[in-house]
Trainee: 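Have a look at this one before I ask anything.
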There are 2 protein chains.
Amino acid sequence: MSQIAVMEKKNSHLVDQSALLTRDMDAAAASRLSALLAKNLRRVQVGADIVAEGEDAPTILLVLEGWVALNKSLQNGQIQTIDLFLASDIILPTSGDALVSAYDVHALTDVVVSSISRVELDDLEISDPPKMWSAVRTHEARARARVAERTLRLGQASAETRLAYALIELCLRLEGAQHIPKDAFDLPLTQQQIGEYSGLSSVHVCRTLRRLSRQGLIDTSENNRVVITDIQGLAGIADAELDVLRSELLAPDV
Amino acid sequence: MSQIAVMEKKNSHLVDQSALLTRDMDAAAASRLSALLAKNLRRVQVGADIVAEGEDAPTILLVLEGWVALNKSLQNGQIQTIDLFLASDIILPTSGDALVSAYDVHALTDVVVSSISRVELDDLEISDPPKMWSAVRTHEARARARVAERTLRLGQASAETRLAYALIELCLRLEGAQHIPKDAFDLPLTQQQIGEYSGLSSVHVCRTLRRLSRQGLIDTSENNRVVITDIQGLAGIADAELDVLRSELLAPDV
DNA sequence: CGGCCATTTGAACGCGCTCAAGCGCGGTGG
DNA sequence: CCACCGCGCTTGAGCGCGTTCAAATGGCCG
């Protein structure tokens, strides 16, 4: 067995995440795409940038494992996290000009990603039907819904509401196939990073989390872990309805 | 001439905006799509909702004339404008479930729109190559860039920066084909609505606009009209570089 | 044990909000 | 014609939420 073949075997469970891209493709096209993704597999350590702002960026970036933040920052260094991505999510790091990234794509944990560059995409397009874009559109619709809900609260709601919402959002996104909220989960973000996500200072994140915790809504005693003890109460503070939110954020693949 | 034919003639300059969708299609497909858009043409008055939150929504909504706001609101009635759309922009009002809108789509001026519903889209897809999606993706990339830039400032920047940025953004989007910023333009928003766009109260919008005006950066003496008198200065306060921003927001159609 | 980083808590400031009153302008009707 | 609205803009006063600065505490690893 060649070294590459061994590597591909070892990583096969990761590339399986790409099933969402290859679905509906004919077998030949699907295997060509899988091979491309296996070739472009990349492991990135916690805290490193997967793509830096202003760098050349792939057109499509696939998260296979770990947590990824899409960040933008002001000249004074203040960071805002535009969106968070988990395993199986699709990141489109380029804005209009389709070459250079307008964002920092940051590894919040050790991460495994794969990617498709613009030229590779053009090569595929020649031979493969663009069924793939349908999956990309679904993911983009979910991302739009997430960003809109967060923007609403960032612009109009209190710190308590913003944080409660962030927790509810992550809780729902992590719930997976079975439709029960995952009310206890690892949250590999520092309070600083939670603040970057919700537009708050780390100090105020701390205060507000403790307040939620004192109200008996969450339990943060274990480090880097959140237990939601009263999801209805938390959803109330987040100004969210769980069912509605779920249908927005977890829309099925079309 | 039949009445419908007359109407289609009268509206032809509007449907021409759809050239961006039909580009690269073969003539037959293009004319079928144009006919569909002409059939679905709709005029909406200032202040009316084009699509209300929770209603069935078209998959693609095309703005042919006027200004449109994509709004979300909290239970207490507070409104946040997620994005603004001008003539020739494409709105994707559905989130995940692809049927019901998660937004209010609101006419800020008298507006002409057209739309393609999910079923119409499926019908087209059968016969027409999905070249159209390429245009949609381009527009979506621009929309993502806009939302990201605004989210960054909504989360991290002062009222002055947010407002300066909003003006710069609109100024660039209105500049059109020639690459000179349109430094004087009609702004058909009340200060209340500017506040909904930038996450500020109408009172503070007023104060901040006056401050910008006192600094000699803008002139708002004429009602519903903005003249940018020092675009470099304004860009400085907005924490933006005009060239970079332009390439993000006005990316060419691929 | 010491060193480092994240979290926690306190104190004080200030930006942007709310409440409230006044102003300017266009439209309507006596 | 002017009186009278109604709506949006303007300005003032005061408050409160979230910030910054600072110091103390806690947890993890060398």
Trainee: Send over the distance from Gln192(B) CD to dC7(D) C1', rounded to a whole Å.
Mentor: 12 Å

Trainee: Could you please name the option among dA20(C), dG18(D), dG10(C) that lies closest to any side-chain atom of Ala159(A)?
Mentor: dG18(D)

Trainee: Nearest whole Å is fine: how far is dT19(D) P from Gln156(B) CD?
Mentor: 9 Å

Trainee: Under a 3.5 Å distance rule, please check whether Thr220(A) uses its side chain to pair with a backbone N or O of Val226(A) as donor and acceptor.
Mentor: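 No: the side chain of Thr220(A) does not pair with the backbone of Val226(A).
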
Trainee: Closer than 4.0 angstrom, basic N to acidic O: yes or no for Asp83(B) and Arg150(B)?
Mentor: yes

Trainee: Take atom CZ of Arg207(A) and atom C1' of dT19(D), then tell me their distance rounded to the nearest Å.
Mentor: 9 Å

Trainee: Within the pair Gln191(A) and dC5(C), is there a side-chain N or O less than 4.0 Å away from OP1 or OP2?
Mentor: no

Trainee: With Arg162(B) as the cation and Tyr197(B) as the aromatic partner, state whether NZ or CZ is under 6.0 Å from the six-membered ring centre and within 45° of the axis.
Mentor: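 Verdict for Tyr197(B): no cation-pi partner in Arg162(B).
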
Trainee: Please round to the nearest 0.5 Å and tell me the distance separating atom OG1 of Thr94(A) and atom CD1 of Ile91(A).
Mentor: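 Thr94(A) atom OG1 to Ile91(A) atom CD1 measures 11.5 Å (nearest 0.5 Å).
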
Trainee: Counting heavy atoms from C-beta on, name the nucleotide in dT7(C), dC17(C), dG10(C) closest to the side chain of Cys206(A).
Mentor: dT7(C)

Trainee: Measure CD/Gln193(B) against P/dG8(D) and give the value in whole Å, please.
Mentor: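 Distance check: Gln193(B) CD to dG8(D) P gives 8 Å.
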
Trainee: How many whole angstroms separate atom CG of Asn223(A) from atom P of dT7(C)?
Mentor: 7 Å

Trainee: Rounded to whole angstroms, how far apart are CG on Asn224(B) and P on dC9(D)?
Mentor: 7 Å

Trainee: Base, sugar-phosphate or nothing for Thr190(B)? Non-hydrogen atoms, less than 4.0 Å.
Mentor: sugar-phosphate

Trainee: Using heavy atoms to find the nearest nucleotide of DNA chain D for Ser202(A) and Ser202(B) separately, return the residue whose nucleotide is more 5′.
Mentor: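 Taking each residue's closest nucleotide, the earlier one in sequence belongs to Ser202(B).
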
Trainee: Look only at the side chain of Glu175(B) and the backbone of Lys182(B), and say whether a donor-acceptor pair between them is shorter than 3.5 Å.
Mentor: no

Trainee: Answer with base, sugar-phosphate or nothing: what part of the nucleic acid does Arg210(B) contact at a heavy-atom distance below 4.0 Å?
Mentor: sugar-phosphate

Trainee: To the nearest Å, how far apart are Arg214(B) CZ and dT10(D) P?
Mentor: 11 Å

Trainee: If you look at every strand shown and take non-hydrogen atoms under 4.0 Å, does Ser158(B) touch a base, only sugar-phosphate, or nothing?
Mentor: sugar-phosphate

Trainee: Take the protein atom CZ of Arg162(A) and the nucleotide atom C1' of dG18(D), then report the distance between them rounded to whole Å.
Mentor: 9 Å

Trainee: Hey, does Gly195(B) reach any base, or is it just sugar-phosphate, or nothing, if we go heavy atoms under 4.0 Å?
Mentor: nothing

